[in-house]
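We name chains A, B, ... by the order of the sequence lines, and we start the count at 1 in each one.
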Amino acid sequence: MRVKCPYCGDRDVHEFVYRGDAAPVRPAADAGEAAFADYVYLRDNPAGPIAEHWYHAQGCRNWLVVERDTRSHAIAAVRLAREAAR
Amino acid sequence: MADLFLPAEGAFAPFLETLSPSGNGRLVLSEPPARGIATVMARAGQGAALATRMKALYGIDVEDAARFVTAGDVALVGTGPGAWLMLREGAAPDWAAQPAGELDGLASVFDQSSGYAVLRLGGAGAATLLSRGAFIDMHPRAFPVGAAAVTVMSHIGAILWQREAAVYEVAIFRSYAASFWHWIAATAAANGLTPMRSA
Ligand SMILES: [Zn+2]
């Protein structure tokens, strides 16, 4: 499996560290325990496209947002997380 | 009492001494002349101002990309968005204080001169050897002169670039020099390459 890093180009998957779903957003500090439990533990398990965080540890050392189809591992898009966050 | 002066000793020097200075020239290994090495990381939103400042100071065209660019005695190797390895030929041991001051407010500059060992690989077999270690396409069409990459070779973090046709340089953390040399020797042998050192 190869991941096309926006900075480094096409790289083998062993250069990356996988983190998981990029969708959860940290709740406000006063959101309460239930909201934080959801944020920390609850994940969707989609059969299809998902946006995920990957870290290019053995490359540019940047966090990426990778849009991957869980059924085929086909990657539709890769962006720098710092740009995806804007 | 005479001043105590320790000359800079390349991390690969003891290994290069074991090679013959003559051979078929398909893989020629050497250490580049002593140079200063520092990381340069742009402060948030200061990328354009940093490029302008470095152009004025060093005459170099900064590229925010995985590229090797050089001007005079300064070179930049792109290592990530807004991040470079800066090389300066013949720099004094305390050289990095100067660019740190000159680029103050635009970038963070940290000396790495003693942290990295740099090996130069030349000859028609150099790209073949590197392609056995880096999981990237080393063909000149994919990795031409001026290309740079941060990757891993034999489990060792490596920054490599092609500085001129069929002349590559690889920077690794200095304490890995013996391990990296072991990989070079084994991989060269497995690919029918007999490394020689530049005379
Ligand atoms: Zn990368």
Side-chain angles (χ1 to χ4, degrees), chain A residues 1-31 39 49-86, chain B residues 39-47 62-68 76-85 108 110 112 115-116 130-144 146-162 170-173 176 180 183:
Chain A
M1 187 172 167
R2 311 274 288 183
V3 177
K4 192 165 188 176
C5 171
Y7 185 89
C8 302
D10 211 16
R11 294 300 180 88
D12 191 87
V13 73
H14 86 290
E15 291 190 0
F16 298 84
V17 173
Y18 176 79
R19 179 177 173 274
D21 196 340
V25 177
R26 186 183 180 86
D30 59 358
Y39 168 66
I50 183 172
E52 301 169 316
H53 279 131
W54 293 63
Y55 180 61
H56 198 181
Q58 299 283 7
C60 62
R61 296 168 193 152
N62 273 248
W63 283 98
L64 310 177
V65 174
V66 177
E67 291 174 28
R68 180 178 65 92
D69 191 311
T70 60
R71 296 164 299 186
S72 62
H73 296 314
I75 292 172
V78 183
R79 290 169 292 161
L80 294 173
R82 62 170 78 172
E83 290 173 0
R86 286 194 188 121
Chain B
T39 51
V40 177
M41 299 185 77
R43 296 283 176 83
Q46 298 294 336
V62 180
E63 290 187 52
D64 193 4
R67 300 269 307 153
F68 168 82
L76 292 172
V77 184
T79 56
W84 300 265
L85 213 56
S108 301
F110 291 100
Q112 308 286 339
Y116 282 102
L130 293 172
S131 70
R132 297 296 184 267
F135 285 61
I136 55 178
D137 188 350
M138 296 304 298
H139 190 283
R141 277 200 299 271
F143 198 85
V150 182
T151 185
V152 63
M153 298 172 71
S154 186
H155 305 281
I156 298 168
I159 305 170
L160 63 137
W161 58 94
Q162 187 175 182
V170 184
I172 58 156
F173 289 125
Y176 282 96
F180 192 68
W183 173 81

Honestly, the part of A:Gln58 sitting under 4.5 Å from a heavy atom of chain B is both
Honestly, the part of A:Asp10 sitting under 4.5 Å from a heavy atom of chain B is backbone
Given B:Asp64, B:Thr151, B:Ile159, the one with more heavy-atom pairs under 4.5 angstrom with chain A than any other is B:Thr151
With chain A, the option among B:Ala83, B:Ala148, B:Gly78, B:Gly157 that has the most non-hydrogen atom pairs under 4.5 Å is B:Gly78
Value for CD (A:Glu15) from SG (A:Cys8), rounded to nearest 0.5 Å, stands at 7.5 Å
Here the gap from A:Arg68 atom CZ to A:Glu52 atom CD, rounded to the nearest 0.5 Å, amounts to 4.0 Å
In terms of the angle between their ring planes, are B:Phe173 and B:Tyr116 parallel, tilted or perpendicular, with boundaries placed at 30° and 60°?
parallel
For the pair A:Tyr55 and A:Trp63, name the ring-plane relationship: parallel under 30°, tilted 30 to 60°, perpendicular over 60°. tilted
Chain B shares the most heavy-atom pairs under 4.5 Å, among A:Arg61, A:Arg2, A:His14, with A:His14
So, do B:Leu85 and B:Leu76 sit near enough that their side-chain heavy atoms are less than 4.5 Å apart?
no
